[in-house]
**Q** 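Following this message is one structure expressed as structure tokens.
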2 protein chains.
Amino acid sequence: MKEILREIGMIARALDSISNIEFKEFDLTKGQYLYLVRICENPGIIQEQLVDMIKVDRSTATRALQKLVINDFIEKKEDPYNKKIKRLFPTEKGKKVYPFIKRENEHSDLVALKGFSEKEAEAAFDLLQRIRKNVEKDWESVKKGNKRDY
Amino acid sequence: MKEILREIGMIARALDSISNIEFKEFDLTKGQYLYLVRICENPGIIQEQLVDMIKVDRSTATRALQKLVINDFIEKKEDPYNKKIKRLFPTEKGKKVYPFIKRENEHSDLVALKGFSEKEAEAAFDLLQRIRKNVEKDWESVKKGNKRDY
DNA sequence: TTTAATTTGTTGCAAATGCAACAAACAAAG
DNA sequence: CTTTGTTTGTTGCATTTGCAACAAATTAAA
């Protein structure tokens, strides 16, 4: 059995660690960049969708978003038709930081794919997407309290 | 530019989240399984090597290992030739838990690779290893305080 | 050998993380 | 319409996480 999960864990921790260090320059604390990019790319998105995209606990998201609001990177707006949800939008400050995050992320992708041919890069992306889709089913299930048999 | 980094982040967080939930059954708290499997597979390994394998902060490792010692999963032994390092070994209790962790991890690998042909699985592993090697160079550099240009 | 640099490991904060337990709005079922 | 279930979001609490700043042992250099 190929231990792809360990490789993925190493890569993810390394890249996340790097990003967190690099984004301190913009006064973004640990993990915040994850939320901010996605809100910039999907203005009006709600927290629960963000949670599904990022794969993080709901309570963690609540607090990360609260802090992004306090530090004026995003704002929460009520929906006229649904009092339960809060739509998230980047502020001017948030929009200004976005290109830097984007650029850094692209650089990391570039580093990750160094030495890859066009074909290989495509293949990697394709395979990873499939893995992600496979894995997120289990995540949703386990998060809801279901048990996996193994 | 293919955003493989996002896919990898999603997969890693989802799988880590699942593992942490599943290993509570064995009284392992968040992240501890990462250290324990590697110590079981590399008895006598030292903390710094573990840090490089897992890609985590040194101080985080110190505390995770302290807790594994307290809960009797591992023990630290001094090296006769080097007073600085502490060699890590699984206890009986640690050895007993190992197969369950291993099994769970294998199950997750299996889930991740569902629908993959033998060839595709091989390809995925190969590509991931290359990505990991690319990324760990930057991680080591940035962790030492160097800046990346992007 | 003495000095300087590197490796390895630990603590003190301050902060993020996530499981529970909850509440409120909404949707579905009766 | 009322009841029941689901979705969305928040807090309390305990824990993990990681940057700094440090100390001690080891290795390299002078």
Side-chain angles (χ1 to χ4, degrees), chain A residues 12-14 16-25 27-36 44-71 76-88 139-140 142-145, chain B residues 12-14 16-25 27-35 44-71 76-88 139-140 142-146:
Chain A
R13 279 185 298 271
D16 188 54
S17 176
I18 291 172
S19 292
N20 286 323
I21 290 170
E22 293 181 331
F23 293 142
K24 268 192 295 186
E25 187 182 339
D27 289 312
L28 288 169
T29 59
K30 190 165 175 289
Q32 294 194 347
Y33 73 98
L34 296 170
Y35 305 87
L36 184 52
I45 193 174
I46 67 169
Q47 178 177 311
E48 198 65 12
Q49 293 174 302
L50 225 34
V51 159
D52 283 341
M53 281 176 119
I54 301 178
K55 267 86 179 117
V56 77
D57 192 78
R58 232 187 259 133
S59 62
T60 306
T62 296
R63 282 184 258 249
L65 293 172
Q66 280 170 349
K67 204 167 171 200
L68 282 170
V69 170
I70 290 191
N71 293 114
K76 293 183 180 179
K77 286 185 184 162
E78 346 227 299
D79 186 278
Y81 306 110
N82 189 332
K83 282 175 198 138
K84 201 170 42 168
I85 64 179
K86 287 165 190 171
R87 304 205 167 271
L88 305 164
W139 180 74
E140 276 154 31
V142 171
K143 267 300 202 178
K144 272 180 196 137
Chain B
R13 279 186 297 271
D16 188 54
S17 176
I18 291 172
S19 293
N20 286 322
I21 290 170
E22 293 181 329
F23 293 142
K24 268 193 292 185
E25 187 182 340
D27 290 311
L28 287 169
T29 58
K30 188 163 176 289
Q32 294 194 348
Y33 74 97
L34 295 170
Y35 305 88
I45 194 175
I46 68 170
Q47 177 177 312
E48 197 65 12
Q49 293 174 301
L50 226 35
V51 159
D52 283 343
M53 280 176 120
I54 301 178
K55 267 83 177 127
V56 76
D57 192 77
R58 229 185 262 133
S59 63
T60 306
T62 296
R63 283 184 258 247
L65 293 171
Q66 279 170 348
K67 201 164 174 201
L68 281 170
V69 170
I70 290 193
N71 292 113
K76 293 183 179 178
K77 287 184 183 164
E78 347 225 300
D79 186 279
Y81 306 111
N82 190 330
K83 283 175 198 140
K84 200 171 43 169
I85 64 178
K86 287 165 190 171
R87 302 205 167 273
L88 305 165
W139 179 75
E140 277 155 32
V142 171
K143 267 299 203 178
K144 274 181 193 135
N146 299 324

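Convention: sequence-line order gives letters A, B, ...; per-chain numbering from 1.
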**Q** Please give, in whole Å, the distance from dA16(C) P to Y35(A) OH?
**A** 10 Å
**Q** With a 4.0 Å cut-off on heavy atoms, is K144(B) in touch with a base, just the backbone sugar-phosphate, or nothing at all?
**A** nothing
**Q** To the nearest Å, how far apart are I18(B) CD1 and dC19(C) P?
**A** 11 Å
**Q** Of K83(A) and K30(B), whose nearest nucleotide on DNA chain C comes first from the 5' end?
**A** K30(B)
**Q** Which pair of heavy atoms, one from R87(B) and one from G44(B), lies closest together, and at what distance?
**A**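 That closest heavy-atom pairing would be NH1-O, 2.7 Å.
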**Q** Do the side chains of K83(A) and E78(A) get close enough for a salt bridge, i.e. N-O under 4.0 angstrom?
**A**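 No, K83(A) and E78(A) are not salt-bridged.
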**Q** Please evaluate the base of dG18(C) for a donor-acceptor partner in the side chain of S59(A) within a cut-off of under 3.5 Å?
**A**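 Such a pair is found, so the answer is yes.
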**Q** Describe the nucleic acid contact of N20(B) in one word from base, sugar-phosphate, nothing, applying a heavy-atom distance below 4.0 Å.
**A**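 Touches nothing.
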**Q** Just call it for V56(A): base, sugar-phosphate, or nothing, with non-hydrogen atoms closer than 4.0 Å on any strand.
**A** sugar-phosphate
**Q** On DNA chain D, does the nearest nucleotide to D16(A) precede the nearest nucleotide to E48(A) from the 5' side, or the other way round? Give the residue.
**A**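 The residue closer to the strand's 5' end, by nearest nucleotide, is E48(A).
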**Q** Can you name the nearest heavy-atom pair linking Y35(A) to A64(A), along with the distance?
**A**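 Scanning both residues completely, I find the closest heavy atoms to be CE1-CB, 3.5 Å.
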**Q** T29(A) and Q32(A): side-chain donor and acceptor closer than 3.5 Å?
**A** yes
**Q** Does any part of the side chain of D57(A), heavy atoms only, come nearer than 4.5 Å to the side chain of V51(A), both counted from C-beta?
**A**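 Side chain of V51(A) against side chain of D57(A), heavy atoms only: no contact under 4.5 Å found.
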**Q** Would you say dA16(C) has OP1 or OP2 under 4.0 Å from some side-chain N or O of T29(A)?
**A**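 Yes.
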**Q** Can you tell me how far C1' of dA25(C) sits from NZ of K86(A), to the nearest Å?
**A**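 For the pair K86(A) NZ and dA25(C) C1', the rounded distance is 12 Å.
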**Q** Does the dT7(D) base have a donor-acceptor partner in the side chain of K84(A) within less than 3.5 Å?
**A**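 Yes, a donor-acceptor pair under 3.5 Å.
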**Q** Measure distances between side-chain N and O atoms of R63(B) and base N and O atoms of dG9(C), and say whether any donor-acceptor pair falls under 3.5 Å.
**A** no
**Q** Write down the distance between CZ (R58(A)) and C1' (dT7(D)), rounded to a whole number of angstrom.
**A**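 Answer to the nearest Å: 8 Å.
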**Q** Can you check the K76(B) NZ to dG9(C) P distance for me, whole Å?
**A**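 For the pair K76(B) NZ and dG9(C) P, the rounded distance is 8 Å.
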